[in-house]
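Report on the following structure.
The model shown is predicted, which means the values in this text are computed figures rather than measured ones. Numbering of ligands and ligand atoms starts at 1, following listing order.
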Amino acid sequence: MPVLSYVHPRFNAEQCQADIPTLRWQERLLQCPRCQSQAIDPWGTYHDRPGGKRSWCHGCKRTCNDLTPTLLHQRKRSLPHWMLAVFLLCLSWSSRRIARELGVQSRTRYHWCWWLRNAAVSYESDRHLAGTGEADELYPIAGNKGQATQGGPKLLGRRPRGRRKQYEPGRGHDEKDRPAIMAWVSRQGAVISQATRDCTVKTVQKAADMAVHAGSRLSTDSASSSRALKGYMHAFVKHTPQEYARGEVHEHRAECLFSLLQPSLRVFRGLSKCNLPGYVGFLQFLRNLRQQNACEQAERILRAALAPTIARRARRGECVKCLDHFDLLHTAIN
Ligand SMILES: [Zn+2]
């Protein structure tokens with residue numbers, strides 16, 4: 001369905017409330033979220049929430065509704081606010097711009113966007129690539145943006161880097177404020193991107209073992225850390241003598257993924273190292289669902305946000321932490 005015809009009637013209170021039972025219970029058994037009893041009966045409505053229905057659980061003798069206890073439970077903002085925020089997040093908007101369009105405060109939008117990104121990333125935690133794959137790495141500039149606990153500029157013990165400063169030559173690593181992003185792209189379509197502290201032989205081997213099935217065919221460039229990969233049918237091209245493809249051996253798809261990733265990261269106007277795994281994981285989610293439009297992607301995120309287990313993990317930031325296997329500095333997002 002074209003997005004325009006979809007968006008217009010979609011974001012009103014009645015419609016959003018009517019969508020919630022479908023999103024929550026379509027793939028799950030209707031049961032009490034507290035005691036998992038299926039003995040549930042209708043128990044009136046809410047005067048302040050049109051269309052909202054309350055239920056009574058005979059197991060734990062308590063009331064519940066379709067939002068108990070999910071990411072959207074007992075929120076001050078209405079359901080249309082949340083649903084529109086998810087939709088705009090799938091269009092790769094920054095949280096600051098979403099806040100401006102929705103009229104929510106800076107702190108609120110920060111939490112919302114991280115909870116929702118975490119919910120999206122929960123779909124990606126068990127992904128593995130099979131068949132023929134390609135790999136490449138990128139070193140984006142990422143510092144300590146927004147990390148001052150006392151407010152104002154953070155005391156770094158050095159001169160600020162400055163957002164426009166050119167980086168030092170050579171490969172990046174965490175201490176140069178240039179952590180690595182590894183991309184693993186299957187020629188069958190799926191992608192995996194991982195934010196790592198550096199790009200040493202050990203890190204690349206660990207990243208490969210987590211992303212690609214052992215014994216798969218793999219094409220990379222001639223970087224020493226990629227050449228040392230073990231456990232794969234591995235071939236590489238040498239970019240120094242201008243060799244970019246040799247028959248089936250090339251990494252065009254991995255380079256293409258970075259050409260899509262870089263503009264998406266530029267939206268944030270400067271990156272923080274501790275937020276990088278979350279951003280990269282969310283962009284991986286969007287890329288793997290590229291056949292769907294933003295409304296369908298938003299529905300998937302809402303389904304995850306309405307699952308109590310995922311909602312609890314998303315609120316604690318655990319979904320992103322489980323992608324963060326490389327000790328990249330990561331703070332809890334609560
Ligand atoms: Zn119950």
- [ ] Please list, chain by chain and in numerical order, all residues satisfying side chain to side chain contact (heavy atoms under 4.5 Å, CB included) with Thr63, sequence neighbours excluded.
- [x]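 Applying side chain to side chain contact (heavy atoms under 4.5 Å, CB included) to Thr63 gives Trp43, Arg54, Trp56.
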- [ ] Anything under 30° is parallel, anything over 60° is perpendicular, the rest tilted; go ahead and classify His239 against Tyr244.
- [x]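 The rings of His239 and Tyr244 sit tilted, inter-plane angle from 30° to 60°.
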Task: salt bridge (charged side-chain N to carboxylate O under 4.0 Å, His left out) pairs, two or more places apart, involving residues 57-84 - done: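 Checked against salt bridge (charged side-chain N to carboxylate O under 4.0 Å, His left out) - neighbours excluded - no pair reaches residues 57-84.
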TODO: Sorted by first residue and then second, give each salt bridge (charged side-chain N to carboxylate O under 4.0 Å, His left out) pair with at least one member in residues 238-260; sequence neighbours left out.
DONE: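 Sorted result for residues 238-260: Glu134-Arg253, Arg187-Glu248, Glu243-Arg246.
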- [ ] Taking 2.8 Å as the upper limit, name the protein N, O or S atoms near the Zn ion (ligand 1).
- [x]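 Under 2.8 Å from the Zn ion (ligand 1) - ignoring waters, which are not counted - the protein N, O or S atoms are Cys32 SG, Cys35 SG, Cys57 SG, Cys60 SG.
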- [ ] Using the six-membered ring of Trp112, assess whether NZ or CZ of Arg109 lies under 6.0 Å from its centre and within 45 degrees of the ring axis.
- [x]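 Cation-pi check for Arg109 and Trp112: fails.
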Open item on the list: Within 45 degrees of the ring normal and closer than 6.0 Å to the centroid, is that where the cationic atom of Arg300 sits relative to Tyr123?
Closed with: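 Yes, Arg300 sits over the ring of Tyr123.
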